[in-house]
Student: 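Structure incoming, see below.
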Amino acid sequence: MTAGGLKTVCRQLGLPPYADRQLAEWLYNKKVSSFDCMTNLSLDSRRALGRDYYIGLTPPAGKQLSRDGTIKYLFPAADQHYIESVFIPETDRNTLCLSTQVGCKMGCVFCMTGRQGFQADLSAGDMLNQFVSLPERETVSNFVFMGMGEPLDNADNLLECLEIMTSSYGFGISPRRITVSTTGVIPAMGRFLSETRCHLAVCLNSPFSGERMSLMPVEKVYPVRDVVGFLKKAPVERQRRISFEYIMFRGFNDTPGHVNGLTRLLNGLRCRINLIRYHPVADLGFQPSDDETIQWFRKRLNDKGIVTTLRASRGTDIMAACGMLSTRFRYFPGANTFE
């Protein structure tokens with residue numbers, strides 16, 4: 001719960017007016033898992049809390065370990081559903097990729113989560129649990145909301161989660177260590193930019209509307225030119241990073257025309273592009289661009305003044321890389337495995 005939610009709980013239960021601060025301290029600083037541990041609250045207060053509320057820590061139900069050290073976790077969430085989260089260890093940082101929905105409504109044709117369809121929104125607690133109950137929790141340095149779901153399609157719960165993560169009463173994580181990805185849901189982008197200081201990453205994939213629409217149905221509602229136009233007018237402080245995710249499909253969006261199209265589209269916007277190798281999904285017909293083409297594409301964009309990087313592919317052997325998360329499988333309780 002946010003600070004406002006904790007105040008409401010204390011008022012409803014007749015707890016002292018300062019008890020909300022004590023609750024926040026126990027939950028987010030001391031990280032207790034039981035109301036019985038909250039020893040500066042009266043026994044009656046602890047009993048009342050335990051009667052009407054639960055702390056909500058739920059450990060992973062399963063995990064898979066990649067050859068490259070990436071770990072994919074399966075978490076129970078939202079009405080008997082499951083979601084996946086990915087822990088990505090690196091030399092200079094450890095990144096946690098979190099999910100915001102069970103499945104996704106956006107229907108991007110290249111994405112396993114999009115093919116799964118939508119089952120449920122995650123609560124702020126479901127989102128936070130992926131971090132708080134992570135075995136490697138104390139080593140996480142960076143957070144990306146790039147797992148299952150469209151984060152800004154679940155904006156209310158996402159913003160509550162981000163408030164708790166970044167606030168002084170919560171976990172106190174720097175917003176600069178958090179990036180939220182979106183397909184370009186413009187109204188919620190406005191809320192996100194005004195209510196948080198976290199970084200924003202927009203899934204682009206083509207500068208041309210027709211091509212993008214063939215990959216991402218959201219283009220019909222929020223065209224790429226409108227998304228970029230909105231960002232050009234938005235008051236974005238210099239400390240905040242705006243980036244565009246660009247998945248490389250062989251012979252589809254990796255030509256000189258696409259370099260020129262991106263240059264024209266993003267002209268005047270302070271941003272960067274993250275190139276992502278396409279991770280093939282069965283029966284879709286797409287193939288990833290070859291390494292030589294990706295490096296050429298990256299150099300051309302950099303030469304034109306657009307800072308462009310290549311995101312490393314991690315966890316492909318366990319279906320944990322970008323676009324590969326899905327819980328459309330059988331889970332085997334007690335076996336700690338899933339397929």
Student: Do the side chain of Asn157 and the main chain of Asp121 share a donor and acceptor less than 3.5 angstrom apart?
Tutor: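 Between the backbone of Asp121 and the side chain of Asn157 there is no qualifying donor-acceptor contact (under 3.5 Å).
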
Student: Ignoring hydrogens and angles, tell me if any N or O in the side chain of Ser133 forms a donor-acceptor pair with the backbone of Gln130 under 3.5 Å.
Tutor: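 Absent.
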
Student: Looking at Phe118, is Lys105 sitting on its ring face, NZ or CZ under 6.0 Å from the six-membered ring centre and within 45 degrees of the normal?
Tutor: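 Satisfied, under 6.0 Å and within 45°.
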
Student: Are Lys30 and Trp26 in a cation-pi contact, defined as NZ or CZ under 6.0 Å from the six-membered ring centre and within 45° of the axis?
Tutor: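 Yes - Lys30 lies over the ring of Trp26, closer than 6.0 Å to its centre and within 45° of its axis.
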
Student: May I ask you to decide if Gln101's main-chain N or O and Ser99's side chain share a donor-acceptor pair within less than 3.5 Å?
Tutor: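 Side chain of Ser99 to backbone of Gln101: no pair is present.
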
Student: Partners of Arg298 by salt bridge (charged side-chain N to carboxylate O under 4.0 Å, His left out), sequence neighbours excluded?
Tutor: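 None.
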
Student: Salt bridge or not for Asp291 and Arg277, using N-O below 4.0 Å?
Tutor: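 A salt bridge links Asp291 with Arg277.
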
Student: Applying side chain to side chain contact (heavy atoms under 4.5 Å, CB included), run through Phe230 and Leu193 and close with a yes or a no.
Tutor: CA-CA 11 Å; Phe230 171 83; Leu193 291 173; 4.0 Å; yes

Student: Does some side-chain heavy atom of Leu13 sit less than 4.5 Å from a side-chain heavy atom of Tyr53?
Tutor: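 Answer yes - side chains close enough.
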
Student: Could you tell me whether Glu138 and Lys31 make a salt bridge, using a distance below 4.0 angstrom between a side-chain N and a carboxylate O?
Tutor: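 Judged by the 4.0 Å cut-off on N to carboxylate O distance, Glu138 and Lys31 do form a salt bridge.
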
Student: Counting C-beta onward and ignoring hydrogens, is there a side-chain heavy-atom pair between Met165 and Met127 closer than 4.5 Å?
Tutor: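 No. Closest side-chain heavy atoms not under 4.5 Å.
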
Student: Please walk me through it: do Leu23 and Cys10 pass side chain to side chain contact (heavy atoms under 4.5 Å, CB included)?
Tutor: CA-CA 9 Å; Leu23 277 172; Cys10 292; 3.7 Å; yes

Student: Among Glu211, Glu219, Arg212, which one satisfies side-chain hydrogen bond (donor to acceptor under 3.5 Å, both in side chains) with Ser206?
Tutor: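 The residue from Glu211, Glu219, Arg212 that satisfies side-chain hydrogen bond (donor to acceptor under 3.5 Å, both in side chains) with Ser206 turns out to be Glu211.
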
Student: One pair to check against side chain to side chain contact (heavy atoms under 4.5 Å, CB included): Arg314 and Ser66. What are the steps and the verdict?
Tutor: CA-CA 8 Å; Arg314 299 290 300 272; Ser66 168; over 6 Å; no

Student: Using a 4.5 Å cut-off on heavy atoms from C-beta on, say whether the side chain of Val144 contacts that of Leu98.
Tutor: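 Of all side-chain heavy-atom pairs linking Val144 with Leu98, none is under 4.5 Å.
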
Student: Is the backbone of Gly103 close enough, under 3.5 Å, to the side chain of Thr113 for a donor and an acceptor to pair up by distance?
Tutor: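 Not at all, since once roles are kept as given, no pair shorter than 3.5 Å links the two residues.
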
Student: Answer yes if the side chains of Asn260 and Thr263 hold a donor-acceptor pair under 3.5 Å, and no otherwise.
Tutor: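 There is no such pair (donor and acceptor under 3.5 Å, judged by atom type) between the side chains of Asn260 and Thr263.
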
Student: Can you tell me how far OG1 of Thr196 sits from CG of Leu162, rounded to the nearest 0.5 angstrom?
Tutor: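 One gets 6.0 Å once the value is rounded to the nearest 0.5 Å.
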
Student: Contact between Ile55 and Ser33 at the side-chain level, heavy atoms closer than 4.5 Å - yes or no?
Tutor: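 Counting from C-beta outward, Ile55 and Ser33 never come under 4.5 Å.
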
Student: State, yes or no, whether a side-chain contact exists between Val259 and Trp296 at a heavy-atom distance under 4.5 Å.
Tutor: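 Sidechains of Trp296 and Val259: in contact.
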
Student: So, does Asp254 use its side chain to make a donor-acceptor pair with the main chain of Gly251 at under 3.5 Å?
Tutor: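 Judged by distance alone, yes, a pair lies under 3.5 Å.
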
Student: Go through it in stages, so that I can follow the logic: the residues are Asp68 and Thr70, the test is side-chain hydrogen bond (donor to acceptor under 3.5 Å, both in side chains), and I'd like the CA-CA distance, side-chain angles, deciding distance and then a yes or no.
Tutor: CA-CA 6 Å; Asp68 62 26; Thr70 298; 2.8 Å; yes

Student: Within a strict 4.5 Å, meaning less than it, do heavy atoms of the Leu266 and Ile273 side chains meet?
Tutor: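 Side chain of Leu266 against side chain of Ile273, heavy atoms only: contact under 4.5 Å found.
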
Student: Would you tell me whether Asp126 and Asn129 have side-chain atoms, one donor and one acceptor, within less than 3.5 Å of each other?
Tutor: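 Side-chain D/A pair, Asp126 to Asn129: absent.
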
Student: Side-chain contact test, heavy atoms from C-beta onward, threshold under 4.5 Å: evaluate it for Pro280 versus Pro288 and give yes or no.
Tutor: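 They are in side-chain contact.
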
Student: So do the side chains of Phe208 and His258 get within less than 4.5 Å of each other, counting heavy atoms only?
Tutor: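 Sidechains of His258 and Phe208: in contact.
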
Student: Is the closest side-chain donor-acceptor distance between Glu150 and Thr183 under 3.5 Å?
Tutor: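 Yes, because at least one side-chain N or O of Glu150 sits under 3.5 Å from a partner of the opposite role on Thr183.
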
Student: When you measure from the centre of the six-membered ring of Phe192, is the NZ or CZ of Arg240 under 6.0 Å away and within 45° of the axis?
Tutor: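 Yes; both conditions hold, so Arg240 lies above the ring face of Phe192.
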
Student: Looking at Tyr54 versus Phe35, is the centre-to-centre ring distance below 6.0 Å?
Tutor: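 Aromatic pair excluded; centres sit 6.0 Å or further apart.
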
Student: Is it true that the NZ or CZ of Arg137 lies under 6.0 Å from the centre of Phe131's six-membered ring and within 45 degrees of the ring axis?
Tutor: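 Here Arg137 passes the 6.0 Å and 45° test against Phe131.
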
Student: Classify the side-chain pair Ser181/Glu245 by whether it contains a donor and acceptor separated by less than 3.5 Å.
Tutor: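 Side-chain D/A pair, Ser181 to Glu245: present.
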
Student: Count I, L, V, M, F, W, Y as connected when their side-chain heavy atoms are under 4.5 Å apart, and connections chain through other members. Are Phe244 and Val307 then in the same cluster?
Tutor: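 Phe244 does not cluster with Val307.
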
Student: Would you call the rings of Phe75 and Tyr73 parallel, tilted or perpendicular if under 30° counts as parallel and over 60° as perpendicular?
Tutor: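 It falls in the tilted class, 30° to 60°.
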
Student: Using side chain to side chain contact (heavy atoms under 4.5 Å, CB included), reason through Ile186 and Val221 one step at a time and then give a plain yes or no.
Tutor: CA-CA 9 Å; Ile186 293 175; Val221 183; over 6 Å; no

Student: Quick check: Phe110 with Tyr278 (ring centres under 6.0 Å apart)?
Tutor: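 Aromatic pair excluded; centres sit 6.0 Å or further apart.
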
Student: To the nearest 0.5 Å, tell me how far Asn205 CG sits from Met248 CE.
Tutor: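 Those atoms lie 10.5 Å apart.
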
Student: For the residue pair Phe297 and Tyr246, is the inter-centroid distance of their aromatic rings smaller than 6.0 Å?
Tutor: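 Yes.
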
Student: Are side-chain N/O atoms of Glu160 and Thr2 paired as donor and acceptor at under 3.5 Å?
Tutor: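 Looking only at side-chain atoms, Thr2 and Glu160 do not form any donor-acceptor pair under 3.5 Å.
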
